Amino acid sequence: MIRLGLCCKFIDQPIKFRTATANYLKRHKEKGEDPYVYLNDIVNNNVDSLEKAILYCHSIGVGSFRIGSDFLPISTHPDFHYTLKDLPDGSKLIAKLKEIALLAKEKNVRLTFHPSQFVILNSPKDDVVEKAIADLEYHASIAELVGADVINIHGGGGYGDKLSALARFEENFKHLSPKVKKRLTVENDDKIYTPNDLLPLCKQLNIPLVYDVHHHRCLKDILTEEQATNAALETWNREPLFHISSPLYGWDSNKTHHHHDYIDINDFPKFWKSIGPFTLEVEAKAKELAILKFKKELSI
DNA sequence: AGCGGTCAAGTTGAT
DNA sequence: ATCAACTTGACCGCT
């Protein structure tokens with residue numbers, strides 16, 4: 001049994017998540033307007049959209065939804081940082097998110113997060129790490145409310161010495177709150193950290209590996225796809241989570257990491273059909289259209 | 001309505 | 001040196 005996951009947004013469905021820029025908020029504020037009133041509108045919209053997203057995913061047999069990092073836009077920006085309770089509708093929004101957690105549970109839609117590329121826990125720069133921690137804590141506060149069990153990040157930079165960079169990841173992990181720690185996962189990327197690089201970190205910290213088979217094909221290591229899959233499965237103390245995508249220009253191109261609008265069924269590792277229940281996030285630009293086509297071709 | 005310029009942030013590698 | 005890529009183009013402001 002494979003639970004398919006939709007990432008962040010929709011192509012055809014009228015479900016929109018809004019965002020804001022710090023520059024606009026600044027100009028807004030200079031005109032004497034309250035930026036938090038503006039943000040309040042956006043967050044109200046996003047909370048409503050999350051409910052619609054869960055209901056829609058459930059209606060098409062998609063069992064997981066990744067919430068975009070701009071769910072509360074600008075919330076960790078130095079000039080405008082805020083949390084839900086700082087917004088005019090704060091209490092209402094918190095109550096609504098708790099209802100959404102129950103809805104997701106009832107509809108069996110798993111919720112996840114994937115913080116942005118700027119969240120780097122292993123940087124040699126203290127300020128970068130501090131910002132990463134703040135961002136992870138922001139994600140965890142929403143995750144706690146809506147019942148999301150995954151906050152997935154990459155290993156970070158290599159800095160010419162991956163071993164000491166990973167040691168820094170381990171050290172900085174200690175500074176995270178329990179609510180981040182119990183949700184944090186790491187994913188192999190297409191440039192620096194392979195599954196084989198990350199497995200020792202996962203074992204050391206007791207955190208799961210999100211196995212991205214596309215990235216593994218872009219950046220290989222000594223592990224076969226079967227070995228990486230099995231090793232990743234062992235790191236999970238809950239339903240495992242994997243990623244799939246297809247290369248935009250094909251596997252012969254020199255730019256294999258670009259994502260295609262759809263999933264080529266041949267990119268799905270056949271042996272994944274016979275492993276236990278897991279979540280498979282589909283990273284395809286055509287979103288729900290791609291997932292519907294993929295689901296049909298997989299006959300699940 | 002359509003379009004061009006802009007957007008907070010880190011790191012890497014292609015050009 | 002510049003810039004695209006990454007989980008994601010969306011948004012404002014002008015015509």
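Reminder, nothing fancy here: chain letters follow the sequence lines and each chain counts from 1. Since the structure is predicted, the reported quantities are computational estimates derived from the model, not experimental observations.
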Using the [atom1] atoms only, state how far [M] lies from [N], rounded to an integer number of Å.
| N | M | atom1 | answer |
| --- | --- | --- | --- |
| C:dT8 | C:dA4 | C1' | 15 Å |
| C:dC3 | B:dG5 | P | 14 Å |
| B:dT11 | C:dA10 | C1' | 24 Å |

Rounding to a whole Å, what distance do you find between [X]:[atom1] and [N]:[atom2]?
| X | N | atom1 | atom2 | result |
| --- | --- | --- | --- | --- |
| A:Ile74 | B:dT6 | CD1 | C1' | 13 Å |
| A:Lys191 | B:dG13 | NZ | P | 8 Å |
| A:Lys125 | B:dT12 | NZ | C1' | 12 Å |
| A:Arg27 | C:dC12 | CZ | C1' | 7 Å |
| A:Asp79 | B:dA8 | CG | P | 9 Å |
| A:Phe17 | C:dC11 | CZ | C1' | 17 Å |
| A:Asp190 | B:dT12 | CG | P | 13 Å |
| A:Asp135 | B:dA8 | CG | C1' | 10 Å |

When you get a sec, tell me which of B:dA8, C:dG13, B:dG10 is the closest nucleotide to the side chain of A:Tyr24?
C:dG13
Which of the following nucleotides, C:dC12, C:dT8, C:dA10, is nearest to the side chain of A:Lys287?
C:dT8
Complementary nucleotide of B:dA8, counting Watson-Crick and G-U pairs under 3.5 Å:
none
B:dC3 pairs with, by Watson-Crick or G-U criteria that keep both distances under 3.5 Å
C:dG13
Over all strands shown, is [X] touching base, sugar-phosphate only, or nothing at heavy-atom distances under 4.0 angstrom?
| X | result |
| --- | --- |
| A:Tyr38 | sugar-phosphate |
| A:Lys26 | nothing |
| A:Gly157 | sugar-phosphate |
| A:Ser69 | nothing |
| A:His154 | sugar-phosphate |
| A:Gly158 | sugar-phosphate |
| A:His28 | nothing |

Evaluation steps, ring pair (Phe, Tyr, Trp, His ring centres under 6.0 Å), between A:Tyr193 and A:His154:
CA-CA 8 Å; A:Tyr193 292 108; A:His154 291 287; 9.5 Å; no
At under 4.0 Å, does any side-chain N or O of [X] touch on OP1 or OP2 of [N]?
| X | N | result |
| --- | --- | --- |
| A:Asn23 | B:dC7 | yes |
| A:Ser116 | B:dG10 | no |
| A:Tyr159 | B:dT11 | yes |

Report yes or no: is there a donor-acceptor pair, N or O only, under 3.5 Å between the side chain of A:Thr21 and the base of B:dA8?
no
Inspect the contact between A:Arg110 and A:Glu281 and indicate whether a charged nitrogen and a carboxylate oxygen are less than 4.0 angstrom apart.
no
In a check of side chain to side chain contact (heavy atoms under 4.5 Å, CB included) between A:His243 and each of A:Val213, A:Leu280, A:Asp212, which one passes?
A:Asp212
Crowded around A:Glu234 CD? As in, over 12 foreign heavy atoms under 6.0 Å?
no
Does a sphere of radius 6.0 Å around NZ in A:Lys29 hold more than 12 heavy atoms from other residues, nucleotides or ligands, not counting ones at 6.0 Å or beyond?
no
Are any non-hydrogen side-chain atoms of A:Leu121 and A:Ile133 less than 4.5 angstrom apart?
yes
Over 60° means perpendicular and under 30° means parallel, so tell me whether A:Phe65 and A:Phe10 are parallel, tilted or perpendicular.
parallel
Is_stacked (A:Phe118, B:dA9) at 5.5 Å, 30 deg:
yes
